[in-house]
Amino acid sequence: MSKTNVAVFVSGSGTNLQAVIDSGIESANIAVVACDTPGVMAIERARKHGIPVELVDSRDFESREEFERQIVAKIDRYDIGLVVLAGFMRILTPYFLGRFANRIINIHPSLLPSFPGTNSVRQALDYGVKQTGCTVHFVREEVDAGPIILQAVVPVTEEDTEETLLEKVHAEEHRILPEAIRLFCEGKLTLSGRKVLISF
Ligand code: GAR
């Protein structure tokens, strides 16, 4: 099976990166991990598995686009077919989105369109929803609003704290992110307006 070269973008602990690595998707080659924050655990995870890391410290740049141009220059040599945002905490500009049009996906810790932005698990808990979850979606200019590929539901109990709920949401993220990558790399996702059609 031919493999799609995947760039995984991270900013933090990298548990989703780890799940993608561990799931050993046959149709995907994790060609590079791109990171905007020095010293994070995700870098260690990548190195441990012999995956090249391209670190571009976002603090060294005046604008988001300048930062992106630098990161694109670094990942260009890997012939990337899919960009996966796995806990990458930066909003992308039209420049980057155009450069990888319809080839950028993101994992978000809520059932979008509920609770976009940051602290989504906290937001869900405070709102009192009975179910939350996670979403993998194509990335568009409007934050957390792109076409939805997969979602998973997590029940919220009265005993849940932010920590316990986060743990349950993470477990589902670690399941659906690799699955979405597999579907993309096997050519099973078709965009139809803002809908994603999946051929299983
Ligand atoms: C994940 O829960 C992911 O959904 C979230 O950051 C976490 C990263 O964890 N992303 C966002 O909130 C994006 N808006 P990880 O570094 O352990 O994979």
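Both counts, for ligands and for their atoms, begin at 1 and track the order of listing. Nothing fancy with the numbering, it's 1 onward along the sequence.
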Report task. Might you work through the side-chain contact (heavy atoms from CB on, under 4.5 Å) test for T190 and S199, ending with a clear yes or no? Result -> CA-CA 8 Å; T190 308; S199 49; 5.6 Å; no
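Protein neighbours of ligand 1 below 4.0 Å, counting non-hydrogen atoms: S13, G14, T15, N16, G87, M89, I107, H108, P109, G117, H170, E173.
Pairs engaging residues 118-162 under the ring pair (Phe, Tyr, Trp, His ring centres under 6.0 Å) rule: F115-Y127 [sequence neighbours left out].
Comment: K48 does not engage E44 in a salt bridge, judged by the lack of any side-chain N to carboxylate O separation of less than 4.0 angstrom.
R45 contributes a side-chain N or O that, together with a main-chain N or O of S13, makes up a donor-acceptor pair within less than 3.5 Å. A donor-acceptor pair under 3.5 Å links the side-chain atoms of R64 to the main chain of I91, judged by distance alone.
A donor-acceptor contact under 3.5 angstrom links the side chains of E68 and T93, judged on distance only.
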